[in-house]
Amino acid sequence: MAQSNLTKAFKALRKKGYFARQNFWYCQSCAWSAMTDEQADKAVFYHRQDADDLRDSGTCHLAWSGNGQEIVDVLKENGVKVEWDGSDSQRILITV
């Protein structure tokens with residue numbers, strides 16, 4: 001899958017009202033802290049450490065809040081391979 005599919009998916013998530021960012025801050029706790037409460041209610045992102053994993057292995061985990069199934073559906077609609085167990089406490093694994 002081309003990186004552009006992931007970019008298209010994030011753009012589609014923003015259109016659905018998500019605060020959706022790629023390579024956002026350095027770590028997960030920094031990224032959550034950088035968001036407003038409103039942004040954090042409906043968000044999906046991967047941070048810089050995840051971006052390193054994505055570059056090195058082609059996989060990374062997305063942090064998210066909101067509707068996990070909606071996020072997964074948008075990712076899949078845009079050609080992103082997804083693994084997720086449906087749990088609110090589980091990050092979404094993507095493969096590019």
Study note, to complete from the structure: Closest non-hydrogen atoms of K42 and G17, given as atom of the first, atom of the second and distance, are CD-O, 3.8 Å
Review point. With distance as the sole test, does S65 use its side chain to make a donor-acceptor pair with the main-chain N or O of A40 at under 3.5 Å?
Key: yes
**Study point:** Common cluster, V96/F45, ILVMFWY with side-chain heavy-atom separation under 4.5 Å
**Key:** no
Review point. To the nearest 0.5 Å, what is the distance between CD (Q28) and NE2 (H61)?
Key: 10.5 Å
Practice item. Could you check C30 against C27 for side chain to side chain contact (heavy atoms under 4.5 Å, CB included), going step by step and ending with a plain yes or no? Key: CA-CA 5 Å; C30 296; C27 68; 2.9 Å; yes
Check your understanding: Checking W84 side chain against S87 main chain: does a donor-acceptor pair fall under 3.5 Å?
Key -> yes
**Study point:** Same apolar cluster (I L V M F W Y, side chains within < 4.5 Å links), M35/L13
**Key:** no
Revision key, fill the gap. Closest non-hydrogen contact found for D53 with C60 is CB-CB, 4.5 Å
Check your understanding: What is the distance from atom CG of D52 to atom CG of L54, rounded to the nearest 0.5 Å?
Key -> 9.5 Å
Review point. Counting only heavy atoms not in W25, do more than 12 fall under 6.0 Å of its CH2?
Key: no
Exercise for review: Decide yes or no on side chain to side chain contact (heavy atoms under 4.5 Å, CB included) for L75 and L62, but give the supporting numbers first.
Suggested key: CA-CA 11 Å; L75 290 164; L62 302 179; 3.7 Å; yes
Practice item. Determine yes or no for a side-chain-to-main-chain donor-acceptor pair under 3.5 angstrom, with N67 supplying the side chain and Q69 the backbone. Key: yes
Exercise for review: Compare all side-chain heavy atoms of R21 with those of R14 and state whether any distance is below 4.5 angstrom.
Suggested key: yes
Practice item. Could you tell me whether a side-chain N or O of Q39 sits under 3.5 Å from a main-chain N or O of T36, the two making a donor and an acceptor? Key: yes
Review point. Any side-chain heavy-atom pair from T7 and Q22 closer than 4.5 angstrom?
Key: yes
Exercise for review: May I ask you to check whether F24 and F19 place their ring centers less than 6.0 Å from one another?
Suggested key: yes
Review point. Are any of the side-chain heavy atoms of H47 and Y26 separated by less than 4.5 Å?
Key: no
Point to revise | All salt bridge (Lys or Arg N to Asp or Glu O under 4.0 Å) counterparts of D41, not counting sequence neighbours | key: none
Check your understanding: What are the two closest non-hydrogen atoms of G68 and I92, and how far apart are they?
Key -> O-CD1, 4.3 Å
Check your understanding: For the ring pair W64 and Y18, is the centre-to-centre distance below 6.0 Å?
Key -> no
Review point. Thinking salt bridges, do K76 and D73 make one under a 4.0 Å N-O criterion?
Key: no
Practice item. Not counting sequence neighbours, which residues clear salt bridge (Lys or Arg N to Asp or Glu O under 4.0 Å) with R91? List them please. Key: D50
Exercise for review: Kindly indicate whether the side chain of K81, heavy atoms from C-beta on, has any atom under 4.5 Å from the side chain of I94.
Suggested key: no
**Study point:** For E38, side-chain hydrogen bond (donor to acceptor under 3.5 Å, both in side chains) partners two or more places apart
**Key:** none
**Study point:** ILVMFWY cluster, Y46 and V72 together (side-chain gap under 4.5 Å)
**Key:** yes
Exercise for review: Could you tell me whether a side-chain N or O of R48 sits under 3.5 Å from a main-chain N or O of N23, the two making a donor and an acceptor?
Suggested key: no
